[in-house]
S.K.: 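Input: one structure, supplied below.
All values below come from the heavy atoms of this structure, side chains included, with hydrogens, waters and symmetry mates left out.
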Amino acid sequence: MLAYLIRRLWQMIPTLIGVVLLVFVLFKYFGSDPAVILAGQNATQAQIAAIRQQLGLDQPAWFQLWIFIKQIATFDWGKSWATNEAVSHLFATRMPATLTVMIPIVLLDTLLAIPVALGVAYVRGSWTDRTLMVATTIALSISFLVYVIIGQYVFGFQLGWFPVQGWSDSVWTNLIVYCPLPVLLAVAVGISPQTRLYRTFFLDELSHDYVRTARAKGLSERSVLFKHVLRNAMIPILTNVGLALPGIFVGSFLIEFFFSIPGMGREVLLAVNRSDYPVIQASAVYLAMMTMLINLATDLLYKVVDPRVVLK
């Protein structure tokens, strides 16, 4: 296990180098001139040149790339061009809000979809199965923005159950007061595709010979479903969760924007609108790192779920 872990971490280095080069090239040669953006429309060429010199944009490309690599290695991205706040401090203060919302969404999505999918797979072809599949299809056809608008109007303005916007410094207050509505809406959107996908995984396992053998031996349906079918289906389920996690964090941009949650997603959206390159670059690199680490953690969990898995 240790040898596999070291080997995988070593293999991440070329991938990370490729991401760094791609981000640098995109911002250097395909993005707008940051000095022109910061200077404003009425700036003179002298003012633009002074800003370019201050940012180090007048240096050769190889020197700028070296500075970019040093920023990644030291986690020191300088200051935000829009707010003059240290980018590292910005991430440290905004990420807790994002995690406060995203962790419940991931847990509820997975923990609710698995038993529902297992149940409908067991009664495949019944009215319960057909009704749920129709309901999930309809739910998939509705945009997330519709969920947000209707959810805020009904639960926030009409019923007054939840505040539509707001945030506090207390984690418990956020979890109890401000998180329920965005989490509820996000789970309502995410549980439909998860249920349909996991149902397919369970149906595939139920068709295998080992299920018929287990039933022939007299094992109870509960034992067959939870000790055999669920356990063997956890490999593709873990794969799906691992692949979906980075996308869930990207999806937090909309949630934080519409509910005024001071998280990292909302900050990235504001950075894009302001052409705040240090924040955008840091977000791109961190998201790539997070994706690689999540994939590694998923592979290690395969061994935990199924000891037969050989890590090579």
S.K.: Check the pair Tyr198, Leu118 against side-chain contact (heavy atoms from CB on, under 4.5 Å), reporting the backbone distance first and the verdict last.
M.R.: CA-CA 8 Å; Tyr198 296 167; Leu118 183 59; over 6 Å; no
S.K.: Please report the C-alpha distance between Glu256 and Val101 in whole Å, then the side-chain angles of each, then the deciding distance to 0.1 Å, and finally whether the side-chain contact (heavy atoms from CB on, under 4.5 Å) criterion is met.
M.R.: CA-CA 9 Å; Glu256 294 174 7; Val101 177; 5.7 Å; no
S.K.: I want to check something: taking the side chain as every heavy atom from C-beta on, are Ile114 and Leu230 in contact at a cut-off of under 4.5 Å?
M.R.: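 Yes; the side chains approach each other to less than 4.5 Å.
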S.K.: Between Ala284 and Val23, what is the shortest heavy-atom contact and its length?
M.R.: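 Distance-wise, the nearest heavy atoms are CB-CG2, 4.1 Å.
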S.K.: Decide yes or no for Val279 and Met264: does some side-chain heavy atom of the first lie under 4.5 Å from some side-chain heavy atom of the second?
M.R.: yes
S.K.: Can you find a heavy atom in the side chain of Leu287 that is under 4.5 Å from one in the side chain of Ser283?
M.R.: no
S.K.: Can you tell me if OH on Tyr122 sees more than 12 non-hydrogen neighbours from other groups inside 6.0 Å?
M.R.: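 Open.
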S.K.: Working to the nearest 0.5 Å, report the span between CD1 of Ile255 and OH of Tyr147.
M.R.: 13.0 Å
S.K.: Hey, are the side chains of Val164 and Phe157 touching, using non-hydrogen atoms and a 4.5 Å cut-off?
M.R.: yes
S.K.: With hydrophobic residues grouped by side-chain heavy-atom distances under 4.5 Å, do Ile142 and Met133 end up in a single group?
M.R.: no
S.K.: To the nearest 0.5 Å, how far apart are OG in Ser168 and CD1 in Ile176?
M.R.: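 Output value for this atom pair is 10.0 Å.
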S.K.: Linking I/L/V/M/F/W/Y whenever their side-chain heavy atoms sit closer than 4.5 Å, directly or via other members, would Val116 and Phe202 fall into one cluster?
M.R.: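 No, separate clusters.
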S.K.: Locate the shortest heavy-atom distance separating Tyr178 from Gln165; write the atom from each residue and the value.
M.R.: CE2-O, 4.0 Å
S.K.: Give, for atom CG of Leu65 and atom CG of Leu21, the distance between the pair rounded to the nearest 0.5 Å.
M.R.: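 Interatomic distance, Leu65 CG to Leu21 CG, rounded to 0.5 Å: 6.0 Å.
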S.K.: What's the shortest heavy-atom distance between Val241 and Thr110, and which atoms?
M.R.: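 Closest pair (atom of Val241, atom of Thr110, distance): CG2-OG1, 4.0 Å.
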S.K.: Transitively linked via ILVMFWY side-chain contacts under 4.5 Å: Val134 with Trp127?
M.R.: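 No: no chain of side-chain contacts under 4.5 Å links Val134 to Trp127.
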S.K.: Using the six-membered ring wherever Trp is involved, compare the ring planes of Tyr286 and Phe91 and label them parallel, tilted or perpendicular (cut-offs 30° and 60°).
M.R.: perpendicular
S.K.: Step by step, work out the side-chain contact (heavy atoms from CB on, under 4.5 Å) result for Thr200 and Arg196.
M.R.: CA-CA 6 Å; Thr200 304; Arg196 294 179 67 89; 5.8 Å; no
S.K.: Strictly below 4.0 Å, N to O, side chains only: are Arg94 and Glu85 in salt-bridge contact?
M.R.: yes
S.K.: Return the CD to CG distance between Gln194 and Asn240, rounded to the nearest 0.5 Å.
M.R.: 5.0 Å
S.K.: Please find the pair of heavy atoms, one from Ile261 and one from Ala97, that lie closest to each other, and give the distance.
M.R.: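 Taking every non-hydrogen atom into account, CG2-CB, 4.1 Å.
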S.K.: Let me confirm one number: the CD-CD1 distance from Gln281 to Ile72, rounded to the nearest 0.5 Å.
M.R.: 8.5 Å
S.K.: When you group the ILVMFWY residues by side-chain heavy-atom contacts below 4.5 Å and let the links chain together, are Leu112 and Val106 in the same group?
M.R.: yes
S.K.: Which heavy atom of Val87 sits nearest a heavy atom of Ala282, and at what distance?
M.R.: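 Scanning both residues completely, I find the closest heavy atoms to be CG1-CB, 3.9 Å.
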S.K.: Any donor and acceptor pair, going by atom type alone, linking the side chain of Ser192 with main-chain N or O of Val189 inside 3.5 Å?
M.R.: no
S.K.: Rounded to the nearest 0.5 Å, what's the gap from CD on Glu205 to CG on Leu225? Could you check?
M.R.: 11.5 Å
S.K.: Hydrophobic clustering (ILVMFWY, side-chain heavy atoms < 4.5 Å, transitive) - are Leu175 and Trp167 grouped together?
M.R.: no
S.K.: Taking side-chain contact (heavy atoms from CB on, under 4.5 Å) as the criterion, tell me which of Ile105, Thr100, Ile103 meets it with Val183.
M.R.: Ile105
S.K.: What are the two closest non-hydrogen atoms of Gly242 and Asn295, and how far apart are they?
M.R.: O-OD1, 4.4 Å
S.K.: Does atom CZ of Phe24 have more than 12 heavy-atom neighbours from other groups under 6.0 Å away?
M.R.: yes
S.K.: Could you give me the CA-CA distance, side-chain angles and deciding distance for Leu185 and Phe259, then say whether side-chain contact (heavy atoms from CB on, under 4.5 Å) is met?
M.R.: CA-CA 11 Å; Leu185 297 178; Phe259 289 92; 3.7 Å; yes
